[in-house]
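Here is the structure we will look at, set down as structure tokens.
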Amino acid sequence: MASGTLRVAVVPGDGIGVEVVAEAVKALTAVADAAGKEVRLTPFDWGATRYLKTGVTLPPGSLELLSEGFDAILLGAMGDPRVPDNRHAADILLGMRFKLDLYVNYRPVRLFHEKLCPLKGARPEDVDFVVFRENTEGLYVMMGGHLKKDTPDEVATEIDVNTRKGVERIVRYAFEFAKARGKTQVVMADKSNVLIHAHDLWQRVFKSVAGEFPGIEARHLYVDNLALQIVRDPKQFQVIVTSNMFGDIVTDLAAALQGGLGMAASGNIHPGRVSLFEPVHGSSPPLAGKNVANPMGAILTAALMLEHLGWTEEAARLEAAVKWAVESDRTTADIGGRLGTREVGDAVADRLRA
Ligand code: IPM
Ligand code: MG
């Protein structure tokens, strides 16, 4: 992996993705300049507009190009009302997750200031955990079908695919992360009381992998109880690991504790391979083009990317600049401020260059 120069593929995508990625790029450039390093950014116009114009979602050869030519991918968001079935989003975002085998969806949940948290009395030290969401199987594999479609007797199925290898590698990643970061507990959330086949596999794998990490408490919660516990007492959590669909739902809930989707960052990772970083939020068509979207999630996503690529100091500087902007109310309206998207990005970039 590169040290002084990083090669980043930038895919702004649709809607507010374009606006927030522009600010993340500003912050990345500023932090690299300040360190005398370089982030080489290559833009890709994949998204709804290109799809509508050309019929192409992810151009042929893209995945090879990304794997061979780049250290990481920074993506904004996919989704556009002009593509009602969201076909391009499935091809591009889920296509990269699946075909690049990015099996770890890493979503840190951190509160930068108590004023951002809807929970009474919650302080930053009370909301500080990570969610590892399995990212390549489960209910996302799009296996299934219709029988007697559009008739009163219609049957629709969606198959939940869970493989021993797939479950084991995400569970092991969670424990390894916990060990590396000095955490003392990993929570696995499933619905094994009802999904008696697939989540029985999760149970067995969790117990067996946990056995390799004697210093770390292995705790199980049913996912419905996890949702309740995250709201009731988030402080009890350090590391959570769960399936693809449950992770999707739980990380939106958790984002609410951080100040909303505008504050949440994520990485789609395969250790040692090109990985994809994107804010948790979507393209938000109603907010697009108005300079109102919160760019913090995208800037924090850039920080995750730098951390992943070994630029830990620069990642810490990006986070510190976001924290400073939050503390001094240099923020967009969704988290209580009065600035526009670009003005927040400028404030963060100026701080990084100061
Ligand atoms: C997310 C999003 C995606 C998902 C959508 C856009 C397909 O909600 O990254 O959490 O469900 O994974
Ligand atoms: Mg989601």
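Indexing begins at 1, ligand by ligand and atom by atom, following the structure's order.
Ranking protein heavy atoms by distance to atom 1 (C) of ligand 1, first place goes to Arg107 NH2, 3.4 Å. Of the protein's heavy atoms, Asp248 OD1, 3.9 Å lies nearest to atom 2 (C) of ligand 1. Distance from atom 7 (C) of ligand 1 to its nearest protein heavy atom, with residue and atom name: Leu94 CD2, 4.3 Å. With respect to atom 11 (O) of ligand 1, the closest heavy atom belonging to the protein is Tyr140 OH, 2.5 Å.
With 3.5 Å as the limit, one finds no donor-acceptor pair spanning the side chains of Thr301 and Glu278.
Salt-bridge check for Asp80 with Arg82: passed, with a basic side-chain N closer than 4.0 Å to an acidic carboxylate O. A salt bridge links Arg181 with Glu307: the distance from a Lys NZ or Arg NE/NH1/NH2 to an Asp or Glu carboxylate oxygen falls below 4.0 Å. Contact check on Glu38 versus Arg40 returns a salt bridge, with a Lys/Arg side-chain nitrogen under 4.0 Å from an Asp/Glu carboxylate oxygen. Taking a cutoff of 4.0 Å between a charged side-chain nitrogen and a carboxylate oxygen, Lys179 and Glu176 do not qualify as a salt bridge. A salt bridge links Arg172 and Glu212; the closest N-O separation between the charged side-chain nitrogens and carboxylate oxygens is under 4.0 Å. Between Lys37 and Glu314 there is a salt bridge, since a side-chain N of the basic residue sits under 4.0 Å from a carboxylate O of the acidic one.
Among the atoms of Asp252, no N, O or S atom falls under 2.8 Å of the Mg ion (ligand 2).
Distance screen at 4.0 Å: atom 5 (C) of ligand 1 has no protein heavy-atom neighbour inside the cut-off.
The option with the heavy atom closest to atom 3 (C) of ligand 1, from among Met78, Arg97, His281, is Arg97.
Residue Met245 places no heavy atom under 4.0 Å from ligand 1.
Here the N, O or S atom of Asp248 that is nearest to the Mg ion (ligand 2) is OD1.
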